[in-house]
Amino acid sequence: MQLIDSAGLVYSLDLIGTFVFAVSGWLLASKKELDFFGAGVIAFVTAIGGGTLRDVLIGSQPVGWLQDLNYLLTIVLGIFAGMFFKRVFEKLRKTMFLFDSIGIGLFTILGIQKTLAFGLSPVVALIMGTISAVFGGVLRDTLVNEIPLIFRKEIYATVCLAGGLLYLLLTKTGMPEEAQMVITIVFIITIRILVVVKNWSFPSIK
């Protein structure tokens, strides 16, 4: 008996990713000593920034989070979790890194799926998947006056592109959608861990 279908799995993991990104936005804002409103804005844009830009670019109106209040509720829960359990999350930095990796893997897949559903090409879908995964972080870093991670030497957006390409290839194999998603997320997590552990990076331009 199938306990959860692929749509339910995607929706559940999407909310989890939204929660984790909201927490990460709040924690970074707290380090910058922003007030409650400012930190809340950072948490909000981190959680939904990438998906919002994707929906605007592909013409999906209204954007996803406007149609489902569960996303706003999840962001609020992320804000309060970051507020009251800040020390716990800081101790679980490695765990948060893992969830972040799951988040970018999932948001890459979601972006690709939604773009393909609008009849756009796989190339465009790959770009939209990457935007979904990383643009919330770009907004977060920009708003707190840091160079966004994707513009530094660390390999980040490239991992999303590679994972998205793998997912597009897997969609041609006929394997179950859940298996395609799991394989892609595991791939992205593995590459992200190797990037950090091995200190892989692209050379900077001088």
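Counting from 1, the numbers follow the sequence of the chain as shown.
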Could you list all the salt bridge (Lys or Arg N to Asp or Glu O under 4.0 Å) pairs where at least one residue sits in residues 45-58, not counting sequence neighbours? D55-K114

State, yes or no, whether a side-chain contact exists between T46 and F44 at a heavy-atom distance under 4.5 Å. no

Residue D35 excluded, over 12 heavy atoms near CG under 6.0 Å: yes

Do L194 and L165 sit in one hydrophobic cluster, given that two such residues count as connected whenever their side-chain heavy atoms are within less than 4.5 Å of each other, even indirectly? no

Hydrophobic cluster membership, with links at side-chain heavy-atom distances under 4.5 Å among I/L/V/M/F/W/Y: are F85 and L77 in one? yes

Nearest 0.5 Å, what's the CD1-OG1 distance between I79 and T74? 11.0 Å

Rounded to the nearest 0.5 Å, what separates atom CD1 in I112 from atom OG1 in T171? 8.5 Å

I'd like to know whether I109 forms a side-chain contact (heavy atoms from CB on, under 4.5 Å) with I185, so could you lay out the CA-CA distance, the side-chain angles of the two residues, the decisive distance to 0.1 Å, and finally the verdict. CA-CA 9 Å; I109 295 169; I185 292 173; 4.0 Å; yes

State, to 0.1 Å, how close A22 and A43 come at their nearest heavy-atom pair, and which atoms those are. O-CB, 3.3 Å

Over 60° means perpendicular and under 30° means parallel, so tell me whether F36 and F80 are parallel, tilted or perpendicular. tilted

Contacts of Y167 that satisfy ring pair (Phe, Tyr, Trp, His ring centres under 6.0 Å) - sequence neighbours left out: none

Distance (rounded to the nearest 0.5 Å) between T130 OG1 and I104 CD1: 9.5 Å

Shortest non-hydrogen contact from G111 to S132? CA-OG, 3.5 Å

Give, for atom CE of M83 and atom OG of S30, the distance between the pair rounded to the nearest 0.5 Å. 10.5 Å

side-chain contact (heavy atoms from CB on, under 4.5 Å) evaluation trace for D14 with F107: CA-CA 7 Å; D14 193 12; F107 288 167; 2.9 Å; yes

Which atom of G25 lies closest to which atom of I42, heavy atoms considered: O-CG2, 3.4 Å

Does CD in E33 sit with more than 12 non-hydrogen atoms of other residues, nucleotides or ligands closer than 6.0 Å? no

Hey, are the side chains of K32 and N145 touching, using non-hydrogen atoms and a 4.5 Å cut-off? no

Does the pair V56 and Q61 meet the rule for a side-chain contact (heavy atoms from CB on, under 4.5 Å), with working shown? CA-CA 7 Å; V56 170; Q61 302 294 332; 4.3 Å; yes

Which pairs of donor and acceptor atoms, one on a side chain in residues 117-129, lie under 3.5 Å apart (sequence neighbours left out)?
| from | atom 1 | to | atom 2 | distance (Å) |
| --- | --- | --- | --- | --- |
| S121 | OG | V124 | N | 3.3 |

For a 4.5 angstrom cut-off between non-hydrogen side-chain atoms, does L15 reach Y71? yes

By the definition side chain to side chain contact (heavy atoms under 4.5 Å, CB included), identify the one residue from T52, I58, T115, L53 that meets it with I131. L53

Would you say the side chain of L166 lies within less than 4.5 Å of the side chain of Q180, judging by non-hydrogen atoms? no

Interatomic distance, Q113 atom CD to T108 atom OG1 [nearest 0.5 angstrom]: 11.0 Å

Mind checking the NZ-CD spacing from K31 to E146? Nearest 0.5 Å is all I need. 9.0 Å

Cluster check L169, L116: I/L/V/M/F/W/Y, side chain < 4.5 angstrom: no

If you group Ile, Leu, Val, Met, Phe, Trp and Tyr by side-chain heavy-atom gaps below 4.5 Å, do F135 and L57 land in one group? yes

Report yes or no: do V63 and V76 belong to one cluster of Ile/Leu/Val/Met/Phe/Trp/Tyr joined by side chain heavy-atom distances under 4.5 Å? yes

How far apart are the C-alpha atoms of L28 and D141, what are their side-chain angles, what is the distance that settles it, and do they pass the side-chain contact (heavy atoms from CB on, under 4.5 Å) test? CA-CA 9 Å; L28 180 58; D141 293 345; 3.6 Å; yes

